[in-house]
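Some notes on the structure that comes next.
Protein chains get the first letters and strands the later ones, always in sequence-line order, with residue 1 at the start of each.
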Protein chains: 2
Amino acid sequence: MTQAADTSMTQAKAPRADAVRNRKKILTAAGKQITVYGPDVGMDEMAAAAGVAVGTLYRHFPTKTDLVAAVVAEYLARVADDAEAALARVADGEGRALDELTAFLGRVVEQSATDRAVKAAAQTLGAALGNRADEDRAGAAVAGLIHAGQVDGDIRTDVTVNDIYLLFSTAPADLPPAARTRWLALVTPGLTAQSRPAES
Amino acid sequence: MTQAADTSMTQAKAPRADAVRNRKKILTAAGKQITVYGPDVGMDEMAAAAGVAVGTLYRHFPTKTDLVAAVVAEYLARVADDAEAALARVADGEGRALDELTAFLGRVVEQSATDRAVKAAAQTLGAALGNRADEDRAGAAVAGLIHAGQVDGDIRTDVTVNDIYLLFSTAPADLPPAARTRWLALVTPGLTAQSRPAES
DNA sequence: ATCTATCATGAACCATAGTTCACCTTGATG
DNA sequence: CATCAAGGTGAACTATGGTTCATGATAGAT
């Protein structure tokens, strides 16, 4: 009753030092494993990679789904940061919105190639992500980029954030770099503003 | 030694009538199951749907992979037919190449939505498809469409069959119809011939 | 230094899903 | 219609992989 350290009544005691350390190790290792072998890697694999026993994984994450979700969450956070940075650059007049958006898309495609699995995992998990905050951050930033591009007259006026999501979700993750570059080249024209070819 | 019915020495006797019937039932049912639930449906499920026992599946297909491959093969054959029909139409002057190609893409996207799983399965299976013939047929037909469209001046001159494959392989299968339509609208501009927007 | 709640360990457990096989059924042949 | 090999059946086997839990170790407080 004389404990003074907790922020609220429902707060647990402070976690032990090595627990924190392990949690981090697990998250990193799991991320790496998932990146390379896909979200179907066994818990044993990930545990081994992290240098701990399976039981430890379960101490930190009640279920495999939760672990993967945590990894995805980290990934999402990075993406959100990236998007916000791009938007900030545009706001500072350091880059044209369309270019930034394209570059951003490129980076994501790049990454989701590396993190092929994170993508698959994200789809598998679907709604069960828990922290929708980062998703919203990313969405808002992209919306900002789109709007700026439309003001510039570079981006089609009917393009929305959902379109970007749509494209995202179909980005080729497991194809060689050349293919991904080509894909981006094929897809971007759909975003840019220009007159349609003469009808019939 | 007095058997006369076989075409070659390594030919097996003729299959029994009900065997043929069952094979067809299995293929149909498996197709339907996979279409609805994805390639992860259990063998039991598919067997039940076909109205036979698991063992029967294994009599016809040595392994689950083979069964799924057979389903995929059927799907591929349909796609090939479709592509060739489209090409024929263009050759007869009944349709413009770009339009036919777009419509074809639309149909495939439409189907691979229905057959969401077939797609997933195809990727999972990768090379182990066995009958590459249909793949070639489809490829040739699409190549024909592309070329015709380029002659018309409707399709970008640098577009190749591989680009179509690339787009295909990223088609959104599990999204609602509206999203798929939108996707097609976003993607097609990348194929059409028109001047790029002014640089900087 | 001692003590204990937190944490880590990993062999064992269990559920799922592909696969097998000993035993029946049945279509075709004479 | 008698025969029998091809075909069908489904309970049982097996491999895989997520999950648990009794036991041992350790950080941190006294």
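Positionally, the nearest nucleotide of DNA chain C for A:R23 lies more toward the 5' end than for the other of B:P62 and A:R23.
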What's touching nucleotides 9-13 of chain D from the protein side, N or O pairs under 3.5 Å?
residue, atom, partner, partner atom, Å
D:dT9, OP2, B:A53, N, 2.9
D:dT9, OP2, B:T56, OG1, 2.6

Polar-atom pairs under 3.5 Å, protein N or O versus N or O of nucleotides 26-28 of chain D: list them with distances, or write none.
residue, atom, partner, partner atom, Å
D:dT26, O2, A:R16, NH1, 3.1
D:dA27, O4', A:R16, NE, 3.4
D:dG28, OP1, A:A17, N, 3.2

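Not counting sequence neighbours, B:D44 has no partner by the salt bridge (charged side-chain N to carboxylate O under 4.0 Å, His left out) test. Residues passing the side-chain contact (heavy atoms from CB on, under 4.5 Å) test with B:L87, sequence neighbours excluded: B:A141, B:L145. Listed by chain and number, the residues in a salt bridge (charged side-chain N to carboxylate O under 4.0 Å, His left out) with A:D81 are A:R137 (sequence neighbours excluded). Applying the salt bridge (charged side-chain N to carboxylate O under 4.0 Å, His left out) criterion to B:E74, with sequence neighbours excluded, gives no partner residue. For A:T160, the side-chain contact (heavy atoms from CB on, under 4.5 Å) partners at least two apart in sequence or on another chain are A:N162, A:D163. Every residue two or more places apart in sequence or in another chain that forms a side-chain contact (heavy atoms from CB on, under 4.5 Å) with B:T63 is listed here: B:T65, B:D66.
Along DNA chain C, the stretch of nucleotides lying under 4.0 Å from any heavy atom of chain B spans, 5' to 3', C:dG18 to C:dA28.
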Which atom pairs, one a donor and one an acceptor, fall under 3.5 Å between side chains of residues 97-109 of chain B and the rest of the protein, sequence neighbours left out?
residue, atom, partner, partner atom, Å
B:E100, OE1, B:R89, NH1, 2.7
B:E100, OE2, B:R89, NH1, 3.3
B:T102, OG1, B:L98, O, 2.7
B:R107, NE, B:D82, OD1, 3.2
B:R107, NE, B:D82, OD2, 2.9
B:R107, NH2, B:D82, OD1, 2.7

Which donor-acceptor pairs under 3.5 Å do the side chains of residues 15-23 of chain A make with protein atoms, sequence neighbours left out?
residue, atom, partner, partner atom, Å
A:R16, NE, A:D18, OD1, 3.4
A:R16, NH2, A:D18, OD2, 3.4

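Taking atom NZ on B:K25 and atom C1' on D:dG7, their separation rounds to 13 Å, with Å as the unit. Protein atom CD of A:Q33 is 12 Å distant from nucleotide atom P of D:dG18, rounded to whole Å. Across the protein-nucleic acid pair, A:M43 atom CE and D:dT20 atom P stand 10 Å apart, rounded to whole Å.
When the local axes at the two ends of the helix from C:dA1-D:dT30 to C:dG30-D:dC1 are compared, using 5 base pairs at each end, they differ in direction by 0° after rounding to 10°.
Of the side-chain N and O atoms in A:T63, one or more sit less than 4.0 angstrom from OP1 or OP2 of D:dT19. Applying the 4.0 Å criterion to OP1 and OP2 of D:dG8, one finds that B:H60 has a side-chain N or O inside that range.
Looking at B:F61 and B:I26, their side chains come closer than 4.5 Å, going by heavy atoms from C-beta outward. For the pair A:V187 and B:L186, the minimum side-chain heavy-atom distance is 4.5 Å or more.
If you check every strand for non-hydrogen atoms under 4.0 Å, A:V41 touches sugar and phosphate atoms only.
Of all non-hydrogen atoms in A:R182 and B:D158, the two that sit nearest each other are NH2-O, 3.2 Å. Between A:V71 and A:G31 the shortest heavy-atom distance is CG1-CA, 3.8 Å. Contact between B:R156 and A:A185 at its shortest, heavy atoms only, is NH1-O, 4.4 Å.
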